[in-house]
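Heads up, the thing below is written out as structure tokens.
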Amino acid sequence: MWQLYTTWLLVNLHEPVPGIRCSRFVRMSILAFGPKLGKLLAIFPVMYLSGGSCVMLIITAGSSMEQLFNIICEEGTMCGSMSLSGTQWFLIFTCIALIIAQLFPNLNSIARVSLTGAITSIGYCTMIWALSISKGRPNDVSYGIPVADRTGMTGFGNILNAIGIIMLAFRGHNLILEIQGTLPSDSKHPSRKSMWRGVMVSYMIIAMCLFPLAIVGFWAYGNEIPEEGILTAFTKFHGQDTSKYVIGLIYIWLTISCITSYQIYAMPAFDNLEFIYASSKKRRCPGWVRAGIRLFFGGVTFFVAVAFPFLGKLAPLIGGMAAVPLTFVYPCFMWISIRKPRPKGAMWSLNLGVGSIGIVLSLLLIVAAVWKLDDKGLNANFFRP
């Protein structure tokens with residue numbers, strides 16, 4: 001509900017003045033907080049959420065492609081001896097994603113890509129939880145949490161880390177304004193109405209995917225779910241009694257979903273880099289520069305994925321610094337700054353209170369993430385994906 005509320009704020013702030021549309025989060029931040037502070041507050045979170053999400057997609061899809069290869073090319077087959085390294089799988093996925101990225105100049109042109117990603121996401125999520133139910137629970141599944149993990153600072157830190165993971169599941173505030181900017185808008189049919197309908201539909205689809213996956217996954221595997229996720233648990237417990245073609249289909253859909261998601265999350269970074277070029281050169285960005293910018297961004301995300309394959313373990317820490325303020329804090333203070341509600345009125349008090357709680361929550365998540373890293377350590381396998 002908190003995330004839906006801040007999304008509603010952004011959707012209604014998209015056109016702060018009739019005839020003027022803020023189709024970029026950074027521009028909205030500049031309008032609300034001024035040129036210097038606006039850029040300082042928004043550029044890092046937006047670029048991190050775009051670049052960081054693309055890095056995680058490379059890591060996830062590279063691992064999925066490797067698993068798919070291992071399923072198809074079992075030991076003893078002709079291709080079984082042609083296994084590639086993790087870095088090579090990352091490179092293959094990045095090349096595929098960048099080739100597709102060259103075909104779509106902006107968000108207006110990737111509606112079909114987004115639809116494909118939505119269909120495949122629903123497909124692989126539904127298959128995982130449906131198959132988990134049909135196969136039944138493995139023997140000796142445990143649901144208990146050790147006393148040491150639910151008491152004291154350790155338990156408090158685990159609770160906050162869990163909250164951070166749940167928050168990241170419904171991310172995307174850095175794309176709301178960009179997506180709304182692709183919709184037509186006039187005085188009779190403002191974009192906020194159609195955009196809000198789209199937000200509600202998308203949130204229902206996300207809930208349809210994630211809630212059954214979480215509930216059934218915990219029911220089926222309990223505390224046996226590894227850090228890699230429920231799909232790894234399903235393969236571990238039911239890989240022998242499930243057709244390899246079914247498991248392979250899940251990995252194919254997961255890979256396609258990652259490819260399409262890469263296009264969407266990378267687009268704000270592409271736009272920002274192209275905007276910087278156009279502003280400095282005082283002319284439109286030519287095609288060869290656009291292609292070079294996308295290759296550069298893809299190369300950076302590939303390098304980070306190879307250099308930091310453990311980036312997912314740092315997500316609660318970096319998310320507390322970037323994702324939580326952008327999602328839960330900035331929209332509230334943007335509303336106060338731009339709409340200027342009556343001081344101490346309902347909207348003023350609500351946004352001030354919600355934004356302040358978001359700041360406190362962000363600080364708590366950072367402290368909890370640092371505590372967990374200090375307590376359990378970090379397997380920093382640099383350049384060893």
Side-chain angles (χ1 to χ4, degrees), residues 24-25 45-69 84 86-125 168-176 178-179 182 202 205-206 209 228-229 231 250-274 290-309 311-312 315 318-319 322-323 385:
R24 300 292 182 271
F25 195 95
V46 169
M47 294 303 289
Y48 163 73
L49 288 173
S50 297
S53 297
C54 290
V55 170
M56 291 305 302
L57 290 169
I58 292 174
I59 295 172
T60 302
S63 302
S64 299
M65 294 170 71
E66 185 176 10
Q67 292 294 330
L68 178 62
F69 179 86
L84 303 177
T87 301
Q88 291 170 321
W89 286 115
F90 287 5
L91 180 60
I92 291 174
F93 172 81
T94 305
C95 291
I96 295 172
L98 290 178
I99 290 172
I100 296 175
Q102 302 295 346
L103 305 176
F104 303 98
N106 49 51
L107 278 173
N108 289 306
S109 58
I110 61 174
R112 293 181 180 178
V113 173
S114 179
L115 177 62
T116 302
I119 293 172
T120 54
S121 296
I122 295 171
Y124 80 78
C125 288
L168 291 175
F170 287 83
R171 65 189 181 274
H173 281 56
N174 59 311
L175 296 170
I176 293 295
E178 281 82 352
I179 295 172
T182 66
S202 67
I205 294 174
I206 292 170
C209 292
E228 291 78 10
L231 179 54
I250 295 175
Y251 280 112
I252 290 173
W253 279 356
L254 175 57
T255 303
I256 294 174
S257 175
C258 291
I259 291 173
T260 56
S261 298
Y262 187 98
Q263 313 306 318
I264 298 170
Y265 278 102
M267 196 61 70
F270 295 158
D271 283 349
N272 286 334
L273 293 173
E274 290 173 17
R290 178 182 292 113
I293 286 174
R294 298 181 180 211
L295 290 174
F296 169 77
F297 177 82
V300 171
T301 55
F302 167 73
F303 173 80
V304 174
V306 173
F308 305 95
L311 189 64
I318 305 178

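Numbering of residues begins at 1 and proceeds along the displayed sequence.
Val55 places none of its side-chain heavy atoms less than 4.5 Å from the side chain of Phe308. Here the side chains of Leu175 and Tyr265 are in contact, with some heavy-atom distance below 4.5 Å. Gln263 has its side chain within reach of Ile100: a pair of non-hydrogen atoms, C-beta onward, lies under 4.5 Å apart. Residues Glu66 and Gln88 form no side-chain contact, since every pair of their non-hydrogen atoms from C-beta on lies 4.5 Å or further apart.
Taken to the nearest 0.5 Å, the CZ atom of Phe69 stands 15.0 Å off from the OG atom of Ser64. One distance of note links CE of Met267 with OG of Ser109; it measures 5.5 Å at 0.5 Å rounding. Distance check, rounded to the nearest 0.5 Å: OG1 of Thr255 to CH2 of Trp89 gives 9.5 Å. Once rounded to the nearest 0.5 Å, the distance linking CD1 of Ile264 with SG of Cys54 reads 10.5 Å. Atom CZ of Arg24 and atom CG of Asn174 lie 12.0 Å apart (nearest 0.5 Å). Note that CD1 of Ile250 is 13.0 Å distant from OG1 of Thr120, once rounded to the nearest 0.5 Å.
Counting all heavy atoms, side chain and backbone alike, Thr260 lies closest to Gly117 at OG1-CA, 3.1 Å. Nearest heavy-atom pair across Met65 and Ile96 is CE-CD1, 4.4 Å. Looking at every heavy atom in both residues, Phe93 comes nearest to Leu57 through CE2-O, 4.0 Å. In plain terms, the two heavy atoms of Cys258 and Thr60 that are nearest each other are SG-CG2, 4.1 Å. The two residues Leu107 and Glu178 make their nearest non-hydrogen contact at CD1-CB, 3.4 Å. The shortest non-hydrogen separation linking Ile59 to Ala305 is CG1-CB, 4.0 Å.
Partners of Gln67 by side-chain contact (heavy atoms from CB on, under 4.5 Å), not counting sequence neighbours, listed by chain and number: Tyr251. Residues passing the side-chain hydrogen bond (donor to acceptor under 3.5 Å, both in side chains) test with Ser63, sequence neighbours excluded: none.
Checking Ser121 against Ser257 by side-chain atom types alone, a donor-acceptor pair falls below 3.5 Å. Residues Ser53 and Tyr48 have side chains that never bring a donor and an acceptor to within less than 3.5 angstrom of each other.
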With side chain to side chain donor-acceptor pair (under 3.5 Å) as the criterion, how do Thr301 and Tyr262 come out once you've worked through the C-alpha distance, each side chain's angles and the decisive distance to 0.1 Å? CA-CA 11 Å; Thr301 55; Tyr262 187 98; 3.0 Å; yes
Side chain to side chain contact (heavy atoms under 4.5 Å, CB included), that's the test. Do Leu84 and Ile92 meet it? Break it down for me. CA-CA 10 Å; Leu84 303 177; Ile92 291 174; 3.6 Å; yes
Go through the steps for Arg294 and Leu273 under the test side chain to side chain contact (heavy atoms under 4.5 Å, CB included), then give the verdict. CA-CA 9 Å; Arg294 298 181 180 211; Leu273 293 173; over 6 Å; no
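Remark: side-chain polar atoms of Ser114 are not paired, donor with acceptor, to backbone N or O of Ala111 under 3.5 angstrom.
Aromatic pair Phe297/Phe270: ring centres closer than 6.0 Å.
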